[in-house]
Trainee: 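Before anything else, here's the structure in question.
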Amino acid sequence: MYKNSMKIEFLNISDNERFARCVAAAFVLELDPTMDQLSEIKTAISEAVTNAIIHGYEDREGIITIEGNIYDDTVEFIVTDNGVGIPDISRAREPLFTGKPELERSGMGFTIMETFMDSMEVESFVGKGTRITMRKRLNKVDKSEG
Ligand SMILES: Nc1ncnc2c1ncn2[C@@H]1O[C@H](COP(=O)(O)OP(=O)(O)O)[C@@H](O)[C@H]1O
Ligand SMILES: [Mg+2]
């Protein structure tokens, strides 16, 4: 069984959203993803990191961690912040729900992560922080399609 893993920590400045997207893309390259899969992974990571920056830490400084694991042809990303946490996770996961309507957020971040990845788990404790675990299996492209 093939296995790889990595972990990065970075400051919650918005420039690091791009950094996180690039790291995630670079990490999965060895699995030879399609362009679509690559862009789905980058978008999902970007949504999770944006949430950590905007909702988790709001205006204070904090560290965001991304852990990546590859098991055979499946990649797992775990995005963690030590911010405010989510009081009602099932409500937060609903499409179009946003805790910050004043910022004109779309409320679609979690829905996008769920759609683009095979699975997404949310663990969160108020006052402690949030941990998002996403998995996606690559190399499962059916060559007979299209
Ligand atoms: N890391 C986080 N820390 C605290 N709250 C979060 C976090 N991620 C998401 N949330 C809460 O879940 C809501 C829904 O998130 P999301 O679907 O990405 O929509 P949006 O970011 O557009 O509000 C957010 O508005 C926020 O209230
Ligand atoms: Mg969001």
Side-chain angles (χ1 to χ4, degrees), residues 3-141 145:
K3 186 174 184 299
N4 191 10
S5 84
M6 66 91 177
K7 187 173 179 176
I8 53 165
E9 294 185 347
F10 51 89
L11 206 53
N12 62 330
I13 63 170
S14 60
D15 278 345
N16 280 336
E17 206 183 301
R18 184 181 46 197
F19 171 68
R21 271 203 307 265
C22 293
V23 165
F27 186 63
V28 298
L29 276 188
E30 64 192 89
L31 294 182
D32 203 16
T34 65
M35 295 306 277
D36 283 348
Q37 289 170 332
L38 208 49
S39 102
E40 287 163 0
I41 286 168
K42 284 157 81 175
T43 305
I45 286 290
S46 174
E47 291 294 335
V49 169
T50 306
N51 280 354
I53 294 171
I54 291 175
H55 304 298
Y57 289 121
E58 299 181 308
D59 294 324
R60 60 193 181 87
E61 191 173 287
I63 296 290
I64 297 166
T65 303
I66 300 181
E67 211 183 306
N69 296 299
I70 292 173
Y71 307 99
D72 290 331
D73 57 0
T74 298
V75 66
E76 170 185 78
F77 286 109
I78 304 167
V79 180
T80 309
D81 68 69
N82 301 307
V84 296
I86 304 175
D88 185 341
I89 295 173
S90 38
R91 186 150 178 252
R93 290 180 69 143
E94 280 171 19
L96 301 176
F97 172 82
T98 180
K100 288 201 170 15
E102 71 281 9
L103 294 184
E104 296 183 18
R105 307 294 308 164
S106 68
M108 291 303 286
F110 279 136
T111 307
I112 289 168
M113 291 181 240
E114 274 185 317
T115 308
F116 285 170
M117 303 296 279
D118 294 341
S119 70
M120 184 204 53
E121 292 156 38
V122 183
E123 293 160 89
S124 190
F125 296 95
V126 172
K128 288 206 146 76
T130 301
R131 184 180 144 105
I132 310 295
T133 303
M134 297 179 276
R135 293 189 192 93
K136 191 178 182 72
R137 190 171 159 219
L138 303 177
N139 294 339
K140 62 174 176 187
V141 181
E145 272 177 37

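Atoms within each ligand, like the ligands themselves, are counted from 1 in listed order. All residue numbers refer to positions in the sequence shown, counting from 1.
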Trainee: Does only the side chain of T130 get under 4.0 Å from ligand 1, or the backbone, or both, or neither? Count heavy atoms.
Mentor: side chain
Trainee: Which protein non-hydrogen atom lies closest to atom 23 (O) of ligand 1, naming both residue and atom, and how far is it?
Mentor: T98 OG1, 2.5 Å
Trainee: Among all protein non-hydrogen atoms, which one is nearest to atom 25 (O) of ligand 1, and what is the separation to 0.1 Å?
Mentor: G99 N, 2.7 Å
Trainee: Checking the N or O distance criterion of under 3.5 Å, is ligand 1 in contact with E47?
Mentor: no
Trainee: Would you say ligand 1 has an N or O under 3.5 Å from any N or O of T111?
Mentor: no
Trainee: Do me a favour and list the nearest non-hydrogen protein atom to atom 10 (N) of ligand 1 with residue, atom name and distance?
Mentor: I86 CD1, 3.7 Å
Trainee: Does CD belonging to E61 count more than 12 external heavy atoms closer than 6.0 Å?
Mentor: no
Trainee: Using a distance threshold of 2.8 Å, state whether an N, O or S atom of N51 lies below it from the Mg ion (ligand 2).
Mentor: yes
Trainee: Answer yes or no: does an N/O atom from V84 fall short of 3.5 Å to an N/O atom of ligand 1?
Mentor: no
Trainee: Please could you name the atoms of ligand 1 that G109 approaches to less than 4.0 Å, counting only its heavy atoms?
Mentor: 16 (P), 17 (O), 18 (O), 19 (O)
Trainee: Quick check on G107 - does any of its heavy atoms sit under 4.0 Å from an atom of ligand 1?
Mentor: yes
Trainee: Under the salt bridge (Lys or Arg N to Asp or Glu O under 4.0 Å) rule, what do R131 and E121 come out as? Steps first, then yes or no, please.
Mentor: CA-CA 8 Å; R131 184 180 144 105; E121 292 156 38; over 6 Å; no
